Novice: 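Quick one: structure below, then a few questions.
Computed from a prediction, not measured in an experiment: that's the story for all the values here. Worth knowing before you read on, the calculation uses all heavy atoms, side chains too, and leaves out hydrogens, waters and symmetry mates. Chain identifiers are assigned alphabetically (A, B, ...) following the order of the sequence lines, protein sequences preceding nucleic acid strands; residue numbering begins at 1 within each chain.
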Amino acid sequence: MKYDYKVIEKKWQDIWDEKQPFAAKNDYTKKKYYALVEFPYPSGAGLHVGHPRPYTALDIIARKRRMQGYNVLFPMGWDAFGLPTENYAIEHKMHPADVTRNNVARFKGQLKSLGLSFDWSREINTTDPAYYKWTQWIFLRLFRKGLAYKKDMNVNWCTHCKVVLANEEVIAGECERCHGEVVHKTKSQWMLKITDYADKLLDDLDTVDYVERVKLAERNWIGRSYGAEVDFDTTAGDKLRVFTTRADTLFGATYMVIAPEHPFVDKWKDKLKNYDALMDYRGMAARKSEFERAELVKEKTGVMLDGVKAVNPVTGKEMPIFVSDYVLVTYGTGAIMAVPAHDERDYEFAKTYNLPIIEVVAGGDISKEAYTDVSEGKMINSGFLNGLDVAEAKEKMAEYLRAHNIGDRTVKYKLRDWVFARQRYWGEPVPLVWCEHCGWQPVPESELPIKLPEVATYEPTDNGESPLATITEWVNTTCPKCGADAKRETDTMPQWAGSSWYFLRYCDPHNDNEMASREAMDYWMPVDWYNGGMEHATLHLLYSRFWAKFLYDEGLLSCPEPYLKRTAHGMILGEDGEKMSKSRGNVINPDDVVNEYGADTLRLYEMFIGDFEKSAPWSTNSVKGCKRFLDRFAVLDEMIVREKDEELERELHRTIKKVTSDIEDMKFNTAIAAMMSFMNSVYAKGGIDIESLKSFTIILCPFSPHICEEMWASIGGKGLCSLALWPVYDEEKIKVTEIEIAVQINSKVKFTLSLPAGCDEESAYDIIEKSGKLNQYIEGKTIVKKIYIKDRIFNIVIR
RNA sequence: GCGGAUAUGGUGGAAUGGCAGACACGCUGGUCUUAGGAACCAGUGCGCAAGCUUGCAGGUUCAAGUCCUGUUAUCCGCACCA
């Protein structure tokens with residue numbers, strides 16, 4: 001057939017549009033399969049060449065499942081709230097909704113041009129009021145359960161975007177998006193208590209099939225550590241509580257450190273002779289950007305509290321208390337007991353300020369460095385702990401603390417609550433009302449969605465208020481409880497909100513009465529296979545698992561984990577091996593590739609480029625190789641022969657087997673290599689029978705669907721190739737009668753020989769001996785050992 | 001600093017402990033062409049050879065790219081988390 005990819009691809013895309021072969025059926029009696037890719041943020045830049053990689057991969061899975069008889073849900077939508085759109089709108093004096101509409105249209109066109117088998121009838125958009133109604137609805141449920149709360153807190157403030165950032169959005173002291181400087185600022189913020197779910201989020205990772213590196217990233221991010229809280233008496237009368245994982249070293253505690261923001265500094269104001277100096281230090285620490293704070297790791301600074309001392313509960317000794325920014329107010333209790341002999345940071349600080357260092361675990365050389373090893377070493381200088389190893393000492397100390405009512409075991413997490421508010425326009429309004437008399441009140445469900453009002457200007461304000469705050473007619477309302485004058489919350493939700501539950505909406509996307517019907521969710525959920533970027537392991541993935549778990553606890557969802565399986569694709573780099581970026585000028589535009597080579601080639605190439613999980617550099621030359629393969633495939637219908645060739649049939653079945661299993665293992669590159677090999681054999685034979693060509697067309701179809709539809713039609717296939725039955729290989733047909741094996745002498749290959757398949761050792765040796773090739777190697781030597789691996793190798797060890 | 005990953009021809013990459021380099025690119029030569037950045041055919045790890053080859057050094061094994069120990073380099077994540 002003639003392979004005019006532009007004509008063919010348009011033709012089949014139109015047919016798919018019209019016939020809707022990829023629409024998921026609402027027949028809940030069928031076996032289902034839910035394949036999901038992360039929905040994109042429709043940026044102004046259009047589709048990136050990195051997008052088609054995961055999309056094609058799951059498209060292949062989805063297409064194969066359909067061909068295997070599953071009712072497949074493979075949906076797509078738009079995660080369209082967010083700053084770039086808003087900034088673009090401001091810059092070009094447009095409405096963010098219009099910008100979004102344009103970008104979505106562009107993205108959709110691009111995705112359609114790739115022949116992805118999405119069910120477009122279920123398309124969703126997080127900025128659609130019919131969608132964010134339910135985002136707000138879920139938020140209200142969180143609020144009613146006490147999982148949403150407002151708190152004055154030290155937040156990360158991007159000085160450039162003029163917006164509060166979540167901890168997750170701060171990378172090395174810079175804003176994740178604009179790389180602007182991030183400073184600390186105190187603001188009253190809506191928070192979501194994700195920490196309530198820390199244990200479940202961590203423990204349930206054992207129940208799901210995620211690639212290990214994703215699990216690891218989540219585990220590290222949640223950062224559970226077992227330790228103890230210990231109360232230290234102070235000369236001020238208050239008990240200073242610390243968290244430690246090394247209660248065993250309590251005898252070695254020689255001073256205390258509290259965070260500069262610790263409330264005791266204020267509480268003890270009257271007792272502190274150097275209060276001003278402490279305030280200066282606190283101010284200095286706050287002014288430091290995250291970046292400086294991280295950079296200054298090596299130089300520890302601090303100020304000693306003059307006027308209050310602490311007492312070590314086991315030694316009875318008085319100890320000085322310092323403030324230092326190496327102790328974080330946000331972790332543990334914001335205070336530590338310092339054991340310089342066995343903690344590197346404390347050691348460094350103690351050296352700087354000339355504080356005593358007492359060794360309590362023998363085994364290191366504390367004149368040189370802190371000894372932090374917990375696996376060996378016995379307790380010394382530690383009263384009732386002496387002679388124990390560290391693990392035993394921890395146990396015994398925990399008992400002691402409990403018995404004397406000065407502390408107890410506890411668990412702490414690195415994970416912090418989720419800052420769930422942005423002072424920006426283009427997000428879901430937080431559906432709450434502030435009443436002087438009744439406090440924060442949820443908007444009645446009947447009033448949802450609280451829509452974004454039309455405003456003249458979206459510019460962020462310097463005082464950190466949302467632009468919504470300036471629209472008095474929107475802000476002013478009445479209290480849903482008492483009817484008095486009240487004000488709406490003007491903050492909007494962060495971009496992560498809409499994506500935290502979108503996989504549920506796909507189950508039943510046009511439902512006006514519920515986020516999705518229970519029946520639909522029970523059928524489709526959980527997602528069978530979810531693929532996305534590594535960068536979302538600690539953000540989106542954790543957030544959406546949290547929401548799913550919450551909805552499960554609310555009895556609204558039947559599965560405690562939303563995703564059964566999670567894989568992560570590697571990045572596509574520029575031809576220079578560097579990350580693609582405008583500034584480097586190494587960006588490849590997928591539209592150009594589709595234009596020049598066709599979507600089928602782009603798809604095939606992106607799957608052939610290398611290990612799906614690893615990043616790989618773009619290579620225009622290799623794209624041509626894939627195009628060449630399709631060009632050669634396109635004329636197979638002119639090479640049809642009447643007779644089946646036994647060898648070719650064997651290879652076909654071997655190829656079907658390999659492609660079938662490789663797709664499941666995401667080894668798309670070797671699946672394609674196998675198909676290329678098969679086609680090379682067809683060319684070598686000079687022809688192929690029609691049945692074999694049909695099977696070959698079907699297994700290639702998920703990779704390059706347009707050309708396969710065309711081929712299928714050309715060779716008289718019934719219906720759409722995309723819906724043809726996936727071929728089953730016949731193990732009998734794969735069997736061979738003769739296999740070439742390698743004959744080794746002392747583990748070195750000397751020659752190869754053809755043996756009957758499955759032949760036993762004795763007859764194998766017999767044939768080798770009779771071949772006459774062996775004599776020259778073993779003449780005059782003794783055979784010490786013979787190792788025969790069936791169908792593989794025969795190793796003769798001689799002396 | 002902690003954690004993770006990776007290292008194979010000129011290039012991207014294949015190899016349940018069993019013939020390293022599948023498949024593809026590139027390159028070389030050829031055929032057909034007025035022409036080739038088209039198509040097709042042949043060759044292609046290195047070395048003149050004996051032989052040598054999976055970052056480096058050891059080890060286990062009849063047999064190691066693969067397992068173990070150490071080491072180097074690169075990339076990624078987290079980063080004063082007590």
Novice: Using Watson-Crick or G-U wobble geometry with both distances under 3.5 Å, which nucleotide pairs with B:C23?
Specialist: B:G12
Novice: How about A:Met607 and A:Ile672: do any of their side-chain heavy atoms sit closer than 4.5 Å?
Specialist: yes
Novice: Using purine N1 to pyrimidine N3 plus N6-O4 or O6-N4 for Watson-Crick, or N1-O2 and O6-N3 for G-U wobble, each under 3.5 Å, what pairs with B:U6?
Specialist: B:A73
Novice: Searching all strands shown, indicate the nucleotide that pairs with B:G47 (Watson-Crick or G-U wobble; both distances under 3.5 Å).
Specialist: none
Novice: In whole angstrom, what separates A:Tyr597's OH from B:G37's P?
Specialist: 14 Å
Novice: Could you identify the nucleotide paired to B:G18, looking across every strand shown and requiring Watson-Crick or G-U wobble geometry with both distances under 3.5 Å?
Specialist: B:C62
Novice: For A:Phe232, does the six-membered ring have the charged nitrogen or CZ of A:Arg241 within the cation-pi criterion, i.e. under 6.0 angstrom from the centroid and within 45° of the normal?
Specialist: no
Novice: When the ring planes of A:His262 and A:Phe264 are compared, do they come out parallel, tilted or perpendicular, using 30° and 60° as the limits?
Specialist: perpendicular
Novice: Expressed as a whole number of angstroms, how long is the span from A:Tyr683:OH to B:A39:P?
Specialist: 11 Å
Novice: Regarding A:Lys786 and the six-membered ring of A:Tyr765, is the cationic atom NZ or CZ under 6.0 Å from the ring centre and inside 45° of its axis?
Specialist: yes
Novice: What is the separation between atom CZ on A:Arg246 and atom P on B:A82, rounded to the nearest whole Å?
Specialist: 12 Å
Novice: Determine if the base of B:G9 is syn or anti; take syn to mean the glycosidic torsion is within 90° of 0.
Specialist: syn
Novice: Roughly how many Å apart are B:G21 and B:U53, using the P atom of each and rounding to a whole number?
Specialist: 16 Å
Novice: To the nearest 0.5 Å, what is the distance between CG on A:Leu216 and CH2 on A:Trp221?
Specialist: 14.5 Å
Novice: In this structure, how many angstroms lie between the C1' atom of B:U53 and the NZ atom of A:Lys748, rounded?
Specialist: 11 Å
Novice: Rounding to a whole Å, what distance do you find between A:Ile222:CD1 and B:C78:C1'?
Specialist: 14 Å
Novice: When the C1' atoms of B:U60 and B:G17 are compared, how many Å lie between them, rounded to an integer?
Specialist: 12 Å
Novice: Apply side chain to side chain contact (heavy atoms under 4.5 Å, CB included) to the pair A:Phe612 and A:Asn531, showing each step before the final yes or no.
Specialist: CA-CA 11 Å; A:Phe612 181 72; A:Asn531 183 81; 3.4 Å; yes
Novice: Pick the C1' atom in B:C52 and in B:A20, then give their distance to the nearest Å.
Specialist: 13 Å
Novice: Regarding A:Asp760 and A:Tyr788, do their side chains bring together a donor and an acceptor under 3.5 Å, going by distance alone?
Specialist: no
Novice: By nearest nucleotide on RNA chain B, pick out whichever of A:Ile336 and A:Glu596 is the more 5' one.
Specialist: A:Glu596
Novice: For B:C2 versus B:C19, give the span between their C1' atoms, rounded off to a whole number of Å.
Specialist: 43 Å
Novice: Classify A:Ser225 by what it touches in the nucleic acid, base, sugar-phosphate, or nothing, heavy-atom distance under 4.0 Å.
Specialist: sugar-phosphate
Novice: Would you mind reading off the distance between A:Tyr226 atom OH and B:A82 atom P, rounded to a whole angstrom?
Specialist: 13 Å
Novice: Reading nucleotides 12-25 of chain B from the 5' end, what letters show protein touch, with B for base, S for backbone sugar-phosphate only, - for no heavy atom under 4.0 Å?
Specialist: BSSSB-BB--BBSS
Novice: Expressed in whole Å, how much space separates the C1' atoms belonging to B:G65 and B:C56?
Specialist: 14 Å
Novice: Got a donor-acceptor pair under 3.5 Å from the side chain of A:Lys300 to the base of B:C80?
Specialist: yes
Novice: Would you mind pulling out the nucleotide paired to B:A79, Watson-Crick or G-U wobble, both distances under 3.5 Å?
Specialist: none
Novice: How many whole angstroms separate atom CZ of A:Arg213 from atom C1' of B:C2?
Specialist: 19 Å
Novice: Which one is paired to B:U31, where only Watson-Crick or G-U wobble pairs with both distances under 3.5 angstrom count?
Specialist: B:A39
Novice: Between B:G45 and B:A50, how far is it from one P atom to the other, in whole Å?
Specialist: 15 Å
Novice: With a 3.5 Å distance limit and no angle check, can you tell me whether A:Tyr331 reaches the backbone of A:Arg416 through a side-chain donor-acceptor pair?
Specialist: no
Novice: To the nearest Å, give me how far apart CZ (A:Arg416) and P (B:C78) are.
Specialist: 13 Å
Novice: Tell me whether the NZ or CZ atom of A:Lys300 lies within the 45° cone about the ring axis of A:Phe349 and under 6.0 Å from its centre.
Specialist: no
